[in-house]
Amino acid sequence: MKLSMVADHAKWPRENDIIFNLSERAQKASEEVGKENVINATIGALIDDDGNLITIKNVYDQFKSLPNREIAAYASIAGQDDYKEAVKKICFAGNDPKGNIRVVASPGGSGAIKLAMWNYTNEGDAILTSDWYWSPYGIIGEEAGRKVANFKLFNDKGEFNIESFKEKFKEIIYKQGNIFIIINSPGHNPTGYSVSDKEWDQILDFSKKIAKDKSKKIVLFIDVAYIDYVKDDVASRKFFKKFGNLPENILTIVAFSMSKGFTAYGMRMGAAIGISSNEDIAEEFYFSLMHSCRANWSNCNRAAMSTLTHIVDDSKKLKSYKEEKNKYKDMLVRRAESFVQGAKEVELEILPYRDGFFISIPCDNPKEVCEKLTEKNLYLVPLKMGLRFAVCAVSEEKCKKAPKIIKDVLEENKSLSMNLA
Ligand SMILES: Cc1ncc(COP(=O)(O)O)c(C=O)c1O
């Protein structure tokens, strides 16, 4: 038998990240055939029409103006106090839910996911999320011995499938006594779906019904990584108010991230925001998560925290940051509209897109289709149930063209499998 040195729990398949691999192939193809002939829709970051990473100037001007000491110093374990306040301000934008709110700094939204999952689930627990989901939820859970269970995200009308949600919710809560639910909205990765206010009411009404049994513990984990790229910035935040005054056995945790909204992907800064009607539960949240910070990464990126704080606390800086960010949001909206329109014209089936960086195309054999598309110099990401196209990374013009290329390959694939059958 081959020698292995890692502990039993650390044996994982030796796989490179499929997204980074495909992106490298796309870059190589650009060098060979010219970038105007390649569509690289693999990257989950805002990329300009020339293929360069977009960086919000206001953010980096602020970052570079920080004195060395503000960059070099250790930060508080749970984050600087002014950062914690700034997170609430920028995230809720006046829609603070009523109740007890605590903030714990984390390395990106990923850190918030890790903190929350670890502290609010037991080993062997199933975590509930939709069938279309961001795969790191599974990876973070799996590393700690948790599993992922899925409800169907869409019903036949292309709306949030509340019936499937209820069914899975009941199945898990009656088995475990507790449940940890992840909902990534608005601008869900990978589909671009946003849960509507009416659908949030349905989710919360059902949760409250279950919570009447005081022995049940419900954690709603809301991943808002893409909230800054919703068409209407004001309307998109109103739903936060709904998490106020919930029964004390429902805890809401919002995962805040600077990665997308501040184009600060590599700076690794975010936060977990706990909301509870019971002050002791909020305090417990704060101290449990802070313990995990100490146990995992000690403290977070002080310069990134300061950057956010300086921008949020200065109304002039905040205004110009928002103007600049919204320029990129408008660009994203135009790209997504082009793709959706292009898909309509060639009758390419896509999942209901509302906001955010990605659009998904359901299909069989996603890996094969993805390979076939690379032959046409179109690179995107294969998922379990379809393909993910990153509108955030592709020019409007190419977003318009891509649906036809995808449709043609899907048709070829369909006739191939019909001939083989
Ligand atoms: C759905 C979702 N949640 C959270 C994140 C968090 O990213 P980060 O850890 O960079 O903040 C991402 C980033 O791709 C994401 O797509």
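Numbering of ligands and ligand atoms starts at 1, following listing order.
- Of the heavy atoms in F357, none comes closer than 4.0 Å to ligand 1.
- Atoms of ligand 1 found under 4.0 Å from any heavy atom of S257 (numbered from 1 in listed order, with element): 8 (P), 11 (O).
- A side-chain donor from one of S292 and N119 sits under 3.5 Å from a side-chain acceptor of the other.
- Ring centroids of F389 and F358 are separated by 6.0 Å or more, keeping the two rings apart.
- The N184 neighbourhood of ligand 1 comprises atoms 1 (C), with distances under 4.0 Å to a heavy atom of that residue.
- Under 3.5 Å, the side chains of S306 and E70 contain a donor-acceptor pair of N or O atoms.
- Within ligand 1, the atoms closer than 4.0 Å to a non-hydrogen atom of Y137 are 1 (C), numbered from 1 in the order shown.
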Salt bridge (charged side-chain N to carboxylate O under 4.0 Å, His left out) between E85 and K88, worked out: CA-CA 5 Å; E85 286 306 309; K88 281 192 276 179; 3.3 Å; yes
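- Closest to atom 16 (O) of ligand 1 among all protein heavy atoms lies Y226 OH, 2.6 Å.
- Residues K319 and D314 are not paired through a salt bridge, judged by the lack of any N-O separation under 4.0 Å between the basic side chain and the carboxylate.
- Residue contact check: S259 has heavy atoms under 4.0 Å from atoms 8 (P), 10 (O), 11 (O) of ligand 1.
- Residues E397 and K401 are paired through a salt bridge, judged by an N-O separation under 4.0 Å between the basic side chain and the carboxylate.
- Remark: ligand 1 atoms within the under-4.0 Å shell around heavy atoms of D223 are 1 (C), 2 (C), 3 (N), 4 (C).
- Of all the atoms in ligand 1, the ones that sit under 4.0 Å from a non-hydrogen atom of G108 are 9 (O), 11 (O).
- Counting protein heavy atoms only, atom 9 (O) of ligand 1 is closest to S110 OG, 2.5 Å.
- Residue contacts with ligand 1: G109 is placed with a nitrogen or oxygen under 3.5 Å of a nitrogen or oxygen of the ligand (distance criterion only).
- Classified by interplanar angle (parallel below 30°, tilted 30° to 60°, perpendicular above 60°), the ring pair Y137/Y133 is parallel.
- At a 4.0 Å heavy-atom cut-off, ligand 1 touches K260 through the side chain alone.
- The aromatic ring centroids of F243 and W200 lie less than 6.0 Å from each other.
- A salt bridge links D228 with R237: at least one charged nitrogen is closer than 4.0 Å to a carboxylate oxygen.
- With a heavy-atom cut-off of 4.0 Å, A225 touches ligand 1 through its side chain alone.
- Contacts between R268 and ligand 1 below 4.0 angstrom, taking non-hydrogen atoms only, involve the side chain exclusively.
- In this structure, the protein non-hydrogen atom closest to atom 5 (C) of ligand 1 is W134 CH2, 3.4 Å.
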